[in-house]
K.L.:
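What follows is a structure written as structure tokens; I'll ask about it next.
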2 protein chains.
Amino acid sequence: MTNEHSVFQTLKAAGYKLTLQRRATVEAVCAAENPMTPQAFHAVISQNHPEIGVVTVYRTLDILKRLGLLCQFQLDGTAQRFKAGSLEHHHHLVCRCCGEVVDFGRCPLELETTLEKETGFRITDHRLEFAGVCRACQGKENQGPQSFSGNTGEPE
Amino acid sequence: MTNEHSVFQTLKAAGYKLTLQRRATVEAVCAAENPMTPQAFHAVISQNHPEIGVVTVYRTLDILKRLGLLCQFQLDGTAQRFKAGSLEHHHHLVCRCCGEVVDFGRCPLELETTLEKETGFRITDHRLEFAGVCRACQGKENQGPQSFSGNTGEPE
DNA sequence: TTAAATGCAAACCATTTGCATTCCT
DNA sequence: AGGAATGCAAATGGTTTGCATTTAA
């Protein structure tokens, strides 16, 4: 749970107006434990503010994203999901079952340097994600919302 | 460039019929250097086989994916892209500018084990992707098709 | 006051599905 | 022959855009 106020300030500082709908969206984003889709945020927001439209939520999320205040997730095929948090922190453990996301700080940056040398790429970004089943979900699999890909491969 | 014949055999072995359209799709996939969208594959295929519909390409790609013959990419927001190759090999360097993908084999698996211990997750999958600008594209940035996310953050 | 922000409806784009027709084996 | 595969058109679902109206600063 990120603190809303710093987000408000960043928004303000960047020249954005602090409207009711933006406040509501920021609140929802900061309150969310797991990454959620824009639609899902809208659903939450609608509970208190039925007047706010999805479009505005999309637009606000887009702003937050541009400001680097959101982590963006997109596992295969599924709609994009957002979670409050800095872009610099790209390392996550995603539960295939409930969508829970655990962050972890360590990352193999030396590899990055090595790769730059070997490939000539100028590396600007990376993403390291582990997917699996979190402790709570172990045993109750098979209803999960997302997967990295993976299926039987048999003709049906 | 993966060899088509092994793919044909896998398809056959799995009980799928080897139709013209599947051959054409497999050919296109194997010939592609970089990951491409289903639509892009269809465009290529259409050059020689205008009768083949996008839907069939989608369906074939889906089969190949299920059989673990494709790597799937999805950078923020963009349409999914596929490239021939095994699923077990999830490590890529993606150029934001031209979409070139370089594979690399090493991956920090020890981290996986550590994380399992610390978090209680049962980890089944991971993805490690670096993004940047490849040697060829350095200097001609700013037209690129994909990005991990990242923009100015200024109101326009 | 006034540019920025909103909401609605419509547009878009990628992907999926229903169904009648065609095709491998 | 007969189930599998195709193609079309239509449905879907997420996301974006145009535009007239409202609002924060």
K.L.:
Taking CD from Q80(A) and C1' from dG13(D), how many angstroms apart are they, rounded to a whole number?
P.N.:
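Interatomic distance, CD of Q80(A) to C1' of dG13(D): 13 Å.
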K.L.:
Other members of the hydrophobic cluster containing L20(A), with the 4.5 Å side-chain heavy-atom rule, please.
P.N.:
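None, because no other hydrophobic side chain comes under 4.5 Å of this residue.
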K.L.:
What is the distance, rounded to the nearest whole Å, between atom CG of L64(A) and atom P of dA5(C)?
P.N.:
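Computing the L64(A):CG to dA5(C):P distance gives 13 Å.
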K.L.:
What residues in residues 38-47 of chain A put a non-hydrogen atom under 4.0 Å from any atom of DNA chain D?
P.N.:
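By residue number: P38(A), Q39(A).
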K.L.:
Which donor-acceptor pairs under 3.5 Å do the side chains of residues 22-32 of chain B make with protein atoms, sequence neighbours left out?
P.N.:
residue	atom	partner	partner atom	Å
R22(B)	NH1	K17(B)	O	2.9
T25(B)	OG1	Q21(B)	O	2.8

K.L.:
Just how far, in rounded Å, is C1' of dA14(C) from CZ of F82(B)?
P.N.:
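My rounded result for the distance is 11 Å.
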K.L.:
Below 4.5 Å, heavy atoms only, C-beta onward: do V7(A) and N3(A) meet side chain to side chain?
P.N.:
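With C-beta onward as the side chain, the pair stays apart.
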K.L.:
Shorter than 3.5 Å, N or O on both sides, protein versus nucleotides 22-25 of chain D: list them out with atom names.
P.N.:
residue	atom	partner	partner atom	Å
dA25(D)	OP1	L18(A)	N	3.2

K.L.:
May I ask you to list the residues of residues 51-60 of chain B, by number, that have any heavy atom positioned under 4.0 Å from an atom of DNA chain D?
P.N.:
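The stretch gives E51(B), I52(B), G53(B), V55(B), T56(B), R59(B) as the residues lying under 4.0 Å from the strand, ordered by number.
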K.L.:
Would you mind reading off the distance between I63(A) atom CD1 and dT6(C) atom C1', rounded to a whole angstrom?
P.N.:
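So the two atoms are 12 Å apart, to the nearest Å.
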K.L.:
Measure across L67(B) and A14(B) and return the closest heavy-atom pair with its distance rounded to 0.1 Å.
P.N.:
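For L67(B) and A14(B), the tightest heavy-atom pair comes out as CD2-CB, 3.9 Å.
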K.L.:
Give a yes or no on whether L70(B) and V55(B) share a hydrophobic cluster (residues Ile, Leu, Val, Met, Phe, Trp, Tyr; joining criterion: side-chain heavy atoms under 4.5 Å apart).
P.N.:
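In one cluster: no.
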K.L.:
Provide, to the nearest angstrom, the distance between the CG atom belonging to L11(B) and the P atom belonging to dA4(D).
P.N.:
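In whole Å, dA4(D) P lies 16 Å from L11(B) CG.
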K.L.:
Measure the distance from CZ on R22(B) to C1' on dT25(C) and round it to the nearest whole Å.
P.N.:
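The distance from CZ of R22(B) to C1' of dT25(C) comes to 13 Å, rounded to the nearest Å.
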K.L.:
End-to-end bend of the helix from dT1(C)-dA25(D) to dT25(C)-dA1(D) (five-pair axes, 10° rounding)?
P.N.:
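What I find for the helix from dT1(C)-dA25(D) to dT25(C)-dA1(D) is an axis angle of 40°.
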K.L.:
Grab the CG-P distance between L61(A) and dT16(D) for me, whole Å please.
P.N.:
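It is 10 Å, rounded to the nearest whole Å.
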K.L.:
Working to the nearest 0.5 angstrom, can you tell me the gap between D62(B) CG and F82(B) CZ?
P.N.:
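The distance works out to 7.5 Å.
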K.L.:
Tabulate below the donor-acceptor pairs under 3.5 Å that side-chain atoms of residues 36-53 of chain B make, not counting sequence neighbours, or state none.
P.N.:
residue	atom	partner	partner atom	Å
T37(B)	OG1	A40(B)	N	3.0
Q39(B)	NE2	Y58(B)	OH	3.0
H42(B)	NE2	S46(B)	OG	3.4
H42(B)	NE2	I52(B)	O	2.8
H42(B)	NE2	V54(B)	N	3.3
S46(B)	OG	H42(B)	O	2.8

K.L.:
For the CZ atom of F8(B) and the OG1 atom of T10(B), what is their distance to the nearest 0.5 Å?
P.N.:
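Rounded to the nearest 0.5 Å, the CZ-OG1 separation comes out at 10.5 Å.
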K.L.:
Going by heavy atoms in the side chains, are L11(B) and L64(B) under 4.5 Å from each other?
P.N.:
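Counting from C-beta outward, L11(B) and L64(B) do come under 4.5 Å.
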K.L.:
Looking at every heavy atom in both P35(B) and R81(B), which two are closest together, and how far apart are they?
P.N.:
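Here P35(B) and R81(B) meet closest at O-NH1, 3.4 Å.
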K.L.:
Send over the distance from D62(A) CG to dT15(D) P, rounded to a whole Å.
P.N.:
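Rounded to whole Å, this separation is 11 Å.
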